[in-house]
Amino acid sequence: MTTLGLAPVFLIIVPLTAAFLAVVAPWPRVLVIGAVPLMLALTVALVMSVWRDGPISIAIGGWQAPLGIELAAGGLAASFLATTTVVMTIIVLVALPAFGNRHGETRTGWAFWPLAFMMWAALNAVFLSGDLFNIYVAIEFLTLATLALVALEGKAGTIEAAMRYAIFALFGSLAYLLGVVLLYAAHGTLDLDLLAAATKGDSASLVGAALITAGLAAKTALFPFHAWLPPAHAGAPAPASAMLSALVPKASFFVLVQFWFVVMPEAAGPLFVQLIGVLGAAAILYGSLLAIRQTRLKRLIAYSTVAQIGYLFLVFPLAGGDSAAQPWSAGAWTGAMLQAIAHALAKGAMFLAAGLVVEAAGHDRLSAVHGLARTMPITAFTFALSSVTLMGLPPSGGFVAKYLMLTSAFASGQIVWALVILTGGLLAAAYLFRVLAPTFLRSAKARADIGAVRQALPLTLAATSILLGLLSAQPFEFLQIGRPQAATGGLQ
Amino acid sequence: MTGLETSTIFAYCGAALIGIGIYGFLVRRHMIRRLIAFNVIGSGVFLLFGATGARQPDLGVDPVPQALIITGLVVALAATALVVALTVRYAHLTKRATLREDLPDEQGGS
Amino acid sequence: MIGPAFDLLLALIVIAVALAATLGRDNFGAVVFFIVYGSLLAVAWTRLGAVDVALAEAAIGAGLTGLLLVGALARLSRLEVFSPKPPGAGARALCALTAASVAAVVAYALTGLDPDGGGLTETVAADLDRSGVQNPVTAVLLNFRGYDTLLESIVLLVVLVGVWSLAQDRHWGGAPGLAQHARPDGVLATFARALPPIGLLIGVYVVWVGTSEPGGAFQGATILAAVWLLAAMAGLTDAPSVTRRSVRVIVIAGPALFLAIGTVGALAGTFLALPPDHAKRLIQVIEAGLTISIAATLALLVLGFPQRAPP
Amino acid sequence: MSLAALFTVVFTSAGLFFFIAGAVGMIRFPDMHSRLHALTKADNLGLGLIVIGVMPQVDRPVTALKLVFIWALALVASAVTAQLLARSAAPPDLCEDG
């Protein structure tokens, strides 16, 4: 195995090691300085390796599937993993002052770091796994770390949010597990590629697929399973909110995409893909409308996540089922994946910026942003740039993503989805202007001063989400590596 | 799977346990009762898993489901432990062991 | 024909006890029925021939989960929590319909299964002699799918961090749980002094035979955790502070050792590879490390978050 | 019916009787302490009788030894459990007695 071939396993080993050390000793600064450059280097190595040599597959312990567990990384997994690396890097840097344990170990200062590094490891484990049961363990790992982070503030409201999340998450994981059990009972393997090769018209496979979908949809907070998300994401400390909203739903969505586009594409009937599309559309509209009505900054951003996750599910009617073989499917599929990446970058930036605003103002009512353009111009600019992506305005990554989905919707004659995408953009503009417009008001002076460097860190994420739109040709090509139905369309 | 072999009996028993657990999960509001229901569903899934792995008595039970069930039991215990701690802490703060049923944030946010 | 009749009867009793655990009005009674339910499931597992799972079910499913739930109810009853009204008959009927349809759909899925599906039994048997152990379940857990087990041991750790982080800020640095008091010459204390050597022996034995016979790190660790908890409840020993370095080293030691062995493999070419010549010894080392860490973690999980200010 | 089988039937039936008596006591007795009394006395005796009853049926002496060991462990375990339960049910001022 070459050194490049080692990158995937070390992308799991390094954050786990950091998490172990973080349990023992409260020295986050040393861990961040040690782990982050390594993770960046490993991510570059993984992306280069996939770019040059195509999808990677690694049999852990030397045991091939079906006996052992195989890791796999194509363009999609590598892209999600790289996004995770970028977002997590910025988050841990922003989190250092708040959880730095500078005056001796505190409860939150200790607990945050093992949880953050374990979450990082769990995300990478999900993106790299090629085995249904291993994905179950990795997703549980992720869920339990997330639960602990949601409850970290220790207030009644945040603990209640964690319990509500737990109810959905526990139900979701049992449904997923039961689906996996039925698939194993029918086919005697848990490996994604081996399952893809098996013929699956039997009742156990179909019921299993339905259960897996329901379980993952609950974990991704797809409408109508969304009720847990806003209190959980808004109640956590800002760096945790950023991880939760930007990255965690993407993990279960990623597994759902793997399942329906790699393992069982033939089972995606027209009724099923339309149903998922309707739920996605409902999420876009309902999430946006509720976001407009929120009076608290972090709640508004959290409801925006409900809406933005809805777009991801339009990939099913636009690129799944009967659309899979059509020329527009590549555009729709890539658009949805770019939406996931662009949203991760923009939402990470927005929650981190919101955290700084709350810290400066001392509260999280919407009025906290009054006069931001004068008092914290860098943060105001961060809000503006990430809003551009969330609204889908050019030249952002969100624009390219929604443009690709829009053109596919028109090409396939599914005008309803096009209307939903356009309406969603308008509604996003409506709720985001509630944040952006008051930044130009005159207001009382902020209570705390936030340094320029801490403000600039979220800005880099927002700027990356714009860059994703400007340089979208390479990401588009990269996402196609290892995609089952090779790209037939491209960027116009 | 049909017939009266040990594996078939316990596979369908697992399906029944899943149903019982789901009912408890939906009807009960007390978090500890919900955790019991969660564990009943979980053990139903495991029983079904193990029983489908025992379809050929002369081969013995498939060791892969056995190992995965042990892993699953530990994961379920871990989840239970965290939710128990959340519930106890919540009760310390609010004197409640149930979630409020209204969703205040859907009415315009507080 | 005593086999099917016994199995059928056992299945019906399991279902009846499950109903009692979910439907009963009394919370404490429900937990007791849940523990009975777990013990009956252990019998069902032995009927299926899955003795490793039976041990795990009895120790983890019935024992520790039951202990966690009993402990939680005891703490909640001291707080006199508000109890909500049960849902109306209409809502209950709807829930029953939902639950019954899910069970029916799952049963329908079972009818479609090939009655002779053998799974991976033969695949495991074919590679068993290269795994280093004779118990196929241990071979899957520690070698063929060791990566799952590594992640699972870390799941316990993440939950321990989560549980500890629920402490009040002023209790940070205190010991987990509440202080226990018992008369040092009482019956409980006497038993609690007599049992640990036996429990220790059984726990270590269960881990040790795991390579060739049913047993293993998780089952053995649960027994060890129970022994320590008994001593703690009898007031013979007290939980250490959550900030103590040695406790933290013990809870990460097993997973860290497992990861380190896997990393050595990765540097030599294959992540988590156990060379057949050394596999048995490596598995024993990993199991020993995991047992210590898991036993400590499980015991600390049962005690819960710190509720005492540091001394 | 052989003598060994008769022995087994008699002793296991006697054991079952104590289990049933214990279960009835569990249901009928009013408070935790008398319930514990009924349960532990009856079950320990019942289990012991069943262990004695199945003795003639075992194939190897070591199995018989294991059965006795199980009984002994069950005795100790139920004693400890009863202590813990009684302590949790006792009014606070009696607590030092545990």
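Every chain is numbered from 1 and lettered A, B, ... according to where its sequence line falls, protein lines coming before strand lines.
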At a 4.5 Å cut-off on heavy atoms, which part of [X] comes close to chain B: side chain, backbone, both, or neither?
X	result
C:Gln219	side chain
C:Leu41	side chain
C:Ala107	both
C:Gln168	both
C:Val124	side chain
C:Arg92	both

Out of [options], which one racks up the most heavy-atom pairs below 4.5 Å with chain B?
options	result
C:Thr222, C:Val140, C:Leu166	C:Leu166
C:Leu55, C:Leu12, C:Leu76, C:Leu301	C:Leu76
C:Ala56, C:Gly61, C:Ala50	C:Ala50
C:Val155, C:Asp148, C:Leu73, C:Thr98	C:Leu73

Is there side-chain contact between [X] and [Y], with heavy atoms separated by less than 4.5 Å?
X	Y	value
B:Leu77	C:Leu68	yes
B:Cys13	C:Ile15	yes
C:Thr121	B:Pro63	yes
B:Arg55	C:Asp116	no
B:Tyr23	B:Arg28	no
B:Lys95	C:Leu79	yes

Residue selection (most heavy-atom pairs with chain C, distance under 4.5 Å) from [options]:
options	answer
B:Thr80, B:Leu68, B:Ile36	B:Ile36
B:Val75, B:Leu26, B:Ile22, B:Thr71	B:Thr71
B:His92, B:Met31, B:Arg33	B:Arg33
B:Val84, B:Asp62, B:Leu35	B:Asp62
B:Ile32, B:Leu86, B:Ile18, B:Thr94	B:Ile32
B:Glu5, B:Arg34, B:His30	B:His30

Is a donor on one side and an acceptor on the other found under 3.5 Å between the side chain of C:Thr65 and the backbone of C:Ile60?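 Checking the backbone N and O of C:Ile60 against the side chain of C:Thr65, a donor-acceptor pair under 3.5 Å is found.
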In terms of heavy-atom proximity below 4.5 Å to chain C, should [X] be classed as side chain, backbone, both, or neither?
X	result
B:Phe10	side chain
B:Leu73	both
B:Thr98	side chain
B:Ile70	both

Does C:Gln134 have more than 12 heavy atoms from other residues, nucleotides or ligands lying within 6.0 Å of its CD?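 Atom CD in C:Gln134 is packed in, count exceeds 12.
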Crowded around B:Tyr12 OH? As in, over 12 foreign heavy atoms under 6.0 Å?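 Check passes, neighbour count above 12.
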Could you go through residues 42-54 of chain B and list every donor-acceptor pair under 3.5 Å that involves a side-chain atom there, pairing it with any protein atom two or more places apart or in another chain?
from    : atom 1 : to      : atom 2 : distance (Å)
B:Ser43 : OG     : B:Asn39 : O      : 3.1
B:Ser43 : OG     : B:Val40 : O      : 2.9
B:Ser43 : OG     : C:Tyr37 : OH     : 2.5
B:Thr52 : OG1    : B:Leu48 : O      : 3.1
B:Thr52 : OG1    : B:Phe49 : O      : 2.8

Please list, chain by chain and in numerical order, all residues satisfying salt bridge (charged side-chain N to carboxylate O under 4.0 Å, His left out) with B:Arg89, sequence neighbours excluded.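 Salt bridge (charged side-chain N to carboxylate O under 4.0 Å, His left out) check on B:Arg89 returns nothing, list empty.
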